[in-house]
Amino acid sequence: MSSERKKTVLFFGAIIIFVIVNYIFCSRFKINDSNLYLYINNYNNGFCSAGLIGTIIQFLGNTLEAEVFSYEGIYRFCKIGLLCYFIVMLIFLVSTYYKGKHNRKEISILFVLILSFTANMFCTSSTLGSADMYMSTILFLSLLVLVNNISPIVVVILTIIGALIHPAYVIKCLPVIIVYLAYKILKKQKRYLLYIIVLLSVSLAIVFIGDALTITNGYQSDTYYLYGNIMSVKPWTYSEKTAELGAISTTLIMPEYSFIGTTYLNLIIYVVLMLPYVLVLHSFQKKVCESSKEEKKLYGIIRFGSILFFVGFIIKSDYGNMIYYVVLYYLLITVVMMVEKDEYYENSFDNTLDLLKQRMPITEVLLIYPLLFVPITNKEISTICTNIANMIV
Amino acid sequence: MNNIMHMINYRSRKIFIAIMVVLIAVLFFSNYDGNIDSYNTTILALNYSYGFTSRGFVGTLFLLTSKIFPFDINNVVGVKVFLLIFTIIFFCVIIYFIWMLVKRCSDDGVKNLEIMLLYLLIVLVSTYSSGWNFGRVDIFMIMISLLCTCLLIKEKFEWLIIPLTSIAVLIHQGYVLMYLNIVLAILAINILSSREKRYKYVIIFVSSVVICSGLLIYLEIFSHANVSQNVFFEVANNASNLSEDGKYHETLLAHELLGVDLSDVEHSFHMKNLCEIILYVILLMPYVVIFFFTMAKVVSGAKDKVCKLKYTIVYMGALTMLPDYLIKVDYGRWIVATITYYLVVFSYLYLQDNYIRETLNKMVEKVKTYGYVWIILLIYPILFVPYRDVNIDKITALIGHVLNREFLSWW
């Protein structure tokens, strides 16, 4: 075996072990009641938002007579979903590693950061079985399709599935895909313009129709209460407040102000503690924009594309998930730029790395530090933020 | 060593220390949950007013503090504040120790030293901030060993090692097996390396060993108070008041006050330990391989017999922990003690010994030739912190639990 191949096998062997350890580790957690709405909501009473997973559960339970209408059944379903998430993520990493031959060093560093955030993101009680687990799987699949230049019609189908899983797919996952397609358009592949239009139209249509029908038909929190108590880890402890949150959580446009509490403080603390990364990212993106004189607008769109996530920060209460997507946005965009051999990204990445090595005595800390904040939880972002916020409030 | 001071980039060292301080804060807030194990609160109820018992030093300190200060600390809040203050002092000692080392290391070798010290900090701060080990007397023992190491680095007031190590044994007689080896290994290195101060180091070495071993034997065999039932219940009542859930650690009090050994109830813990230590070694196999490979290379490449002896003593120094591994059940703490021993002693050697520095640097360069496996190797151990007590860490605890439930039924 050649030296290069040996290094690759060792690197991915270590990644696979890392992922397996996290998968095993999540066995200790139970599914939180606040995620059960996804498995209860279905299309039995007509089209609604966030009904796809619930419909699949109904299909498995009623047609195939699988034992899913219980906590154990839902738990098994979630574990299979988590396994699919890891498999798709690993295939994406392997594919981009091989495609980005000229930028292996940069891609490896980005992989470590991606794994820090994603490896145990859905391995906690607040995130196991959440809609974000399935949406992230679809996101990685879509990027895999685009990176390998497979027909973008597959991406359209995947986007439809994503929007049907949960309407928040449009604000959480779609920005990465849209920005990547916009990059391809401005690099003279104008055919992707049609796909952007189709993607946006179809996904927004699904979201608005679904939300409108859900709001028109009412909360149906009594249905959530009934099924929630059957599927909950402790029977008949599913609260009415959780049922109400569940009903609101199926839509994109229904705001969750009353459930935010003090998590805004957690967000501020998190941003302050992650300030070194914010500054590094700002410096990196600024270099990219400044060096790309003629295509400044494109790189400006990429740089500020995460503004779309602010909609989520305003109307939704799951700040932990939003942070996950913001971080993933920048990491995934940088990875695909490396795969596309974008000269501005390559040069800026190398310059930023050299600058960090000059200024920081121990750059390895930048890889270790994010690990202290994971796993990211649904609402409260991180245990550190919660502990500091509790001291302040 | 002083000749190279002018070559050192102090600014970079200060930035490193600032990063370590931030890391301490983040690690503390990540792991601290406000809980204190009943064992750690019960120890504060033990003091010398009931007799010269083992593990009574910290309790006596607590008693004196409550008598000196004008506010009552004999309650849950008082205990938390007392232990928090000493934990902060512990963190300050770690930072001081790290600064002692980095400011003396030349620019070309400092990066690998910083990585070793970074791991030492992560392991110690995470473990002793978490609910299983917050407030444990181990922090006092580690502080004393680190301070003794600092005295040896500075080459000043080395005689203080004798009283400091004696105090550490009074804090917990387990110090002799757990953390005294750090001080003794470094003294042994200095005895074998230094001609001028050899006599002095031999006296300190022998005195420390004799006094600490003598105290261990006395405290372990002769010192149990054999108090009356009323006194036992008075102490138990005090211990309950100090604990948030109103519980006290029965085994500890029975052992220290009545001389009753309840260790036969620990059989299931021994089985758990056996399962988890095997899992731990398997999960950390790359590091075990690198460790033994480096050990063989260092000892075989030493220039003469004295150096071979020196390095063999360093590698074998952790074997003082063997009785703890065989008889006692707190494997999480023994693992922390083993890791602390190697990181502290090798950090010291890295500074003092050119041969060790070159060998470790070459080993790191060799691992880096495996591409970005190096980055994974850096990050992987972070998954295992914080270490616990009977369970080693959360991963081995979980896998061990599943294996026992499905296959082994050992406990």
Quiz item: For B:Asp33 and A:Thr383, what are the C-alpha separation, side-chain angles and deciding distance, and is it a side chain to side chain contact (heavy atoms under 4.5 Å, CB included)?
Solution: CA-CA 9 Å; B:Asp33 55 8; A:Thr383 318; over 6 Å; no
Residue from A:Ile17, A:Thr8, A:Leu372 scoring the most non-hydrogen pairs under 4.5 Å with chain B is A:Leu372
Separation of [Y] [atom2] from [X] [atom1] (nearest 0.5 Å):
X        : Y        : atom1 : atom2 : value
B:Phe29  : A:Asn390 : CZ    : CG    : 10.5 Å
B:Leu383 : A:Phe18  : CG    : CZ    : 4.5 Å
B:Glu114 : A:Glu364 : CD    : CD    : 9.0 Å

Proximal component of [X], with respect to chain A [non-hydrogen, under 4.5 Å]:
X        : value
B:Val22  : side chain
B:Thr369 : backbone
B:Phe28  : neither
B:Leu118 : side chain
B:Ile379 : both
B:Ile399 : side chain

With a 4.5 angstrom heavy-atom cut-off, which part of [X] approaches chain B: side chain, backbone, both or neither?
X        : value
A:Leu10  : both
A:Leu367 : both
A:Phe373 : side chain

Scored by heavy-atom pairs under 4.5 Å with chain A, the best of B:Val385, B:Val26, B:Ile15 is B:Val26
Within a reach of under 6.0 Å around [atom1] of [X], are more than 12 heavy atoms found that belong to other residues, nucleotides or ligands?
X        : atom1 : value
A:Met391 : CE    : no
B:Phe292 : CZ    : no
B:Lys14  : NZ    : no

Worked check of side chain to side chain contact (heavy atoms under 4.5 Å, CB included) between B:Ile122 and A:Ile368 = CA-CA 10 Å; B:Ile122 289 174; A:Ile368 290 170; 3.9 Å; yes
